[in-house]
2 protein chains.
Amino acid sequence: MSAGYSVAHSSRASTRISLGVLPDLLGYHLRRAQVAVFQNFAEVIGTSDLTPGQFGVLVVIDANPGLSQTQLGNTLGMDRSTVVAMIDRLEHRELVLRQASPFDRRAHALHLSAHGKAALGRLLASVRVHERAITRGLSASEQTTLIQLLARVARAP
Amino acid sequence: MSAGYSVAHSSRASTRISLGVLPDLLGYHLRRAQVAVFQNFAEVIGTSDLTPGQFGVLVVIDANPGLSQTQLGNTLGMDRSTVVAMIDRLEHRELVLRQASPFDRRAHALHLSAHGKAALGRLLASVRVHERAITRGLSASEQTTLIQLLARVARAP
DNA sequence: TATTGTTATACTCTATAACTATA
DNA sequence: TATAGTTATAGAGTATAACAATA
């Protein structure tokens, strides 16, 4: 695999560390970009305030008031049990309400609380700042290209 | 925010669910692509076998035998305590060895075991299959473009 | 029989703070 | 004083399996 020669002959920070095959792999760059974006999200939005995943849940509930947990999970690619934990947290923070579904007595109809709607309004402004930060350095057409290529990767499997 | 009309007037799977503003956000597409790539990795490599993050650790240790945990963390953007947990798992599975550093008695020199090297060899072959799967549908130049754009997003902050 | 939500359980990743042993 | 690794702790995200209520 490797040549077998240790490059770590010193603990100095200046020691060059090789990434091996990683820079050739799309998966690696995806993860690094994801980490950078997540960190910027936390800086702009406030790390303890909300995660990107929770923001996405609020957006989808706002756009589809009354949808069920199963519908939400299918839309965002989350398991049912994951949705339960997710909504539990947002309900404890009084951003989301579980109401009785008028169509199916097994299901919950999800809605944003007034507090949740106000929070989402503030979040959307912050998210726009966040998006500008992570795409600064990319032209408008490069942003479009990147999003389209990512969407094709997400659909691929 | 939303018009306030519920779209979930039925629990039928055919109900159209809106993603709201999400399709306009780079962060959203990044997350969806990441999830798809992670799932394909698990399918090709075997979900319980190794995660993409653990694979990356093996690659970097192989490329830099004897490096310290701190160097590893800096290279892959992980906290020191995260590295401890990561190496604990790989050490329990006898893929990675913690040896005494000849330069610093506080530090551990990380090496792959013989078993770890053999496992990495097999993994690299599977990862090539995985990469072909997630980039199928993209031309060679599109793959290059995507990686370069992601690298710029990762460096941006 | 199948589906919705739930609980119990478990694992990975992540990080902060405080500790120890070294430097 | 500062650094390397560790521990304790915590929380998010993820998932599987089994269950009750309902369809």
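Note that this is a predicted model, so its numbers are computed, not measured. Numbered from 1 within each chain, the chains take letters A, B, ... in sequence-line order.
- Between the C1' atom of C/dG5 and the CG atom of A/L72 lies a distance of 13 Å, rounded to the nearest Å.
- If you check C/dC13, C/dT22, D/dA23 against the side chain of A/R105, the one that comes closest is D/dA23.
- A sub-4.0 Å separation between OP1 or OP2 of C/dC13 and a side-chain N or O of B/Q54 is present.
- At a threshold of 4.5 Å between non-hydrogen side-chain atoms, the residues A/M86 and A/L72 do not count as touching.
- Here the closest heavy-atom approach between residue A/V59 and residue B/L19 is recorded as CG1-O, 3.6 Å.
- Atom pair A/F103:CZ and C/dT4:P shows a separation of 15 Å (rounding to whole Å applied).
- Annotation: the span from A/S68 atom OG to A/N74 atom CG amounts to 8.0 Å, rounded to 0.5 Å.
- You'll find that the side chain of B/D79 is closest to C/dT16, out of C/dG5, C/dT16, C/dA2.
- Close to D/dA15, at under 4.0 Å from its OP1 or OP2, lies a side-chain N or O of A/T82.
- Between A/R31 and C/dT14 there is a side-chain N or O to OP1 or OP2 distance below 4.0 Å.
- Rounded to whole Å, atom P of D/dT14 lies 10 Å from atom CD of B/Q39.
- Checking the phosphate oxygens (OP1, OP2) of D/dG13, a side-chain nitrogen or oxygen of A/T51 falls inside 4.0 Å.
- Closest to the side chain of A/M86, from the set C/dA21, D/dG13, C/dT14, is D/dG13.
- In this entry the distance linking CD of A/Q34 with C1' of D/dT14 reads 14 Å, nearest Å.
- Each of A/D88 and B/M78 has a nearest nucleotide on DNA chain C; the 5'-most of these lies closest to A/D88.
- Within the structure, every side-chain polar atom (N or O) of B/Q71 is placed at least 4.0 Å from both OP1 and OP2 of D/dA4.
- Side-chain N/O atoms of A/R98 include one lying less than 4.0 angstrom from OP1 or OP2 on C/dT6.
- Contact check, A/T70 against C/dG5: a side-chain N or O comes under 4.0 Å of OP1 or OP2.
- Comparing atom distances between the A/V84 side chain and each of D/dT14, C/dT3, C/dG5 picks out C/dG5 as nearest.
- The pair B/D88-B/R93 does not count as a salt bridge, with every side-chain nitrogen at least 4.0 angstrom from each carboxylate oxygen.
- The structure places CG of B/L97 at 11.5 Å from NE2 of B/H115, a figure rounded to the nearest 0.5 Å.
- Nucleotide C/dA2 holds its P atom 13 Å from the CZ atom of A/R80, rounded to whole Å.
- For A/R106, whose side chain is taken as the heavy atoms from C-beta onward, the closest listed nucleotide among C/dG5, D/dA23, D/dT7 is D/dA23.
- Listed nucleotides C/dA15, C/dA8, C/dT4 differ in distance to A/A107; the shortest reach to its side chain belongs to C/dT4.
- Of the listed nucleotides (D/dA23, C/dT12, D/dT14), C/dT12 has the atom at the smallest distance from the side chain of B/R89.
- Checked against D/dG5, C/dT6, C/dT14, the side chain of B/H108 finds its nearest nucleotide in D/dG5.
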